[in-house]
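Below: the structure, in structure tokens.
All values below were derived from every heavy atom in this structure, side-chain atoms included, with hydrogens, water molecules and symmetry-related copies excluded. Numbers here are sequence positions counted from 1.
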Amino acid sequence: MRSIFIAAALALCFTAAVSAQPKPVDQTPNAMAKPAPATFEARYEGGIFGNSAKEKGTLKIDDANERVIFYRSDKTEMFSIPYSALLVIYPDSKEGISKTGNVMSRMPLPGAQLFGLMNKSTKYLVLRYDDQDVEAEGTANFKFDEKDLLLTFLNTLGPKAKMVQRGDAYYRSKKKPVF
């Protein structure tokens with residue numbers, strides 16, 4: 001009887017040791033990865049000096065001139081930011097009650113407060129830049145509909161602008177002063 005318990009204990013120990021081994025990480029590149037689109041649909045939310053109106057349009061990465069361009073919905077250029085002016089680019093999101101949920105939760109009906117649980121997540125791209133024309137730093141915000149497109153834009157722009165990645169964000173490291 002005692003040998004049965006010892007055999008069961010050993011079998012349990014060996015089973016735990018074998019299952020605790022981690023699976024190696026697959027290092028092969030993903031052959032199904034889609035290339036980044038040429039333009040990205042976004043809504044400008046403000047932050048550029050002289051352009052305060054919110055407007056839907058498209059963001060384009062212009063490699064030839066090393067800049068990011070925002071085009072209005074009528075395909076005219078609204079503004080551009082050179083790669084060298086970018087300081088930090090990162091994604092942001094805000095959680096809130098959707099408009100429908102907010103209106104429905106205020107109705108005088110039993111259980112209407114449950115509509116207040118209808119959450120909506122909004123995804124933003126934040127570009128911090130240094131505007132040499134007015135010698136000031138600014139922050140431009142763009143609203144994206146899809147998180148995947150936002151991350152694709154970040155992961156395309158960051159390396160092209162020669163920025164350093166930290167998590168989902170990219171930043172330009174400060175230059176050390178020369179004495």
Side-chain angles (χ1 to χ4, degrees), residues 19-72 77-99 101 117-178:
S19 66
Q21 295 178 359
K23 180 181 175 185
V25 177
D26 185 19
Q27 297 291 337
T28 59
N30 187 359
M32 300 301 288
K34 297 187 299 187
T39 60
F40 296 85
E41 296 292 322
R43 178 185 161 122
Y44 170 67
E45 295 286 316
I48 301 290
F49 302 115
N51 294 299
S52 59
K54 295 180 180 181
E55 187 154 348
K56 286 188 178 183
T58 57
L59 277 169
K60 181 180 180 187
I61 299 172
D62 182 14
D63 289 331
N65 298 314
E66 295 187 346
R67 63 186 183 150
V68 178
I69 307 170
F70 183 76
Y71 291 101
R72 292 183 172 102
E77 182 178 326
M78 188 169 175
F79 58 82
S80 65
I81 303 172
Y83 289 171
S84 60
L86 294 173
L87 301 174
V88 180
I89 57 174
Y90 60 94
D92 194 12
S93 65
K94 293 183 181 173
E95 300 285 330
I97 300 173
S98 67
K99 289 181 182 179
L117 300 175
M118 294 175 63
N119 287 338
K120 179 182 176 186
S121 177
T122 308
K123 289 92 178 149
Y124 291 96
L125 167 69
V126 180
L127 295 174
R128 290 210 45 225
Y129 62 94
D130 184 18
D131 192 344
Q132 294 297 322
D133 294 336
V134 294
E135 295 182 10
E137 289 186 11
T139 304
N141 297 303
F142 300 91
K143 182 178 172 182
F144 277 73
D145 291 333
E146 297 178 26
K147 182 179 180 181
D148 293 338
L149 281 178
L150 170 61
L151 293 176
T152 302
F153 181 82
L154 275 171
N155 293 327
T156 304
L157 177 61
K160 288 183 179 187
K162 297 180 180 98
M163 299 176 85
V164 180
Q165 185 175 11
R166 181 183 294 169
D168 286 337
Y170 288 87
Y171 68 95
R172 187 167 314 284
S173 59
K174 293 187 177 192
K175 295 179 174 110
K176 296 180 182 176
V178 178

Does the pair I48 and I81 meet the rule for a side-chain contact (heavy atoms from CB on, under 4.5 Å), with working shown? CA-CA 9 Å; I48 301 290; I81 303 172; 3.7 Å; yes
Begin from the C-alpha positions of R67 and I69 and carry the test side-chain contact (heavy atoms from CB on, under 4.5 Å) through to its verdict. CA-CA 6 Å; R67 63 186 183 150; I69 307 170; 3.4 Å; yes
For N155 and Y170, what are the C-alpha separation, side-chain angles and deciding distance, and is it a side-chain contact (heavy atoms from CB on, under 4.5 Å)? CA-CA 9 Å; N155 293 327; Y170 288 87; 3.1 Å; yes
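By the ring-ring contact (aromatic ring centres under 6.0 Å, His included) test, Y171 is found to be paired with no residue, residues two or more places apart in sequence or in another chain being considered. With sequence neighbours excluded, the residues forming a ring-ring contact (aromatic ring centres under 6.0 Å, His included) with F142 are Y44, F70, listed by chain and number. Residues satisfying the side-chain hydrogen bond (donor to acceptor under 3.5 Å, both in side chains) criterion with Y83, sequence neighbours excluded, are D63. The salt bridge (Lys or Arg N to Asp or Glu O under 4.0 Å) test applied to K147 returns no partner, not counting sequence neighbours. Applying the salt bridge (Lys or Arg N to Asp or Glu O under 4.0 Å) criterion to D145, with sequence neighbours excluded, gives no partner residue. E66 is linked by a salt bridge (Lys or Arg N to Asp or Glu O under 4.0 Å) to nothing, counting only residues two or more places apart in sequence or in another chain.
In this structure, K123 and E146 have side chains that are not in contact, with every pair of non-hydrogen atoms separated by 4.5 Å or more.
From T39, atom OG1 reaches atom NZ of K60 across 8.0 Å, with rounding to the nearest 0.5 Å. Interatomic distance, CZ of F153 versus CG of L59, reported as 4.5 Å (0.5 Å rounding). Expressed to the nearest 0.5 Å, how far CD of E137 lies from OH of Y129 amounts to 10.0 Å.
Salt-bridge formation is not detected for the pair E45/K143: no Lys NZ or Arg NE/NH1/NH2 atom is positioned less than 4.0 Å from an Asp or Glu carboxylate oxygen.
Here the shortest heavy-atom pairing between L149 and P37 reads CD2-CG, 4.4 Å. Listed here is the closest heavy atom pair of L154 and P159: O-CD, 4.3 Å.
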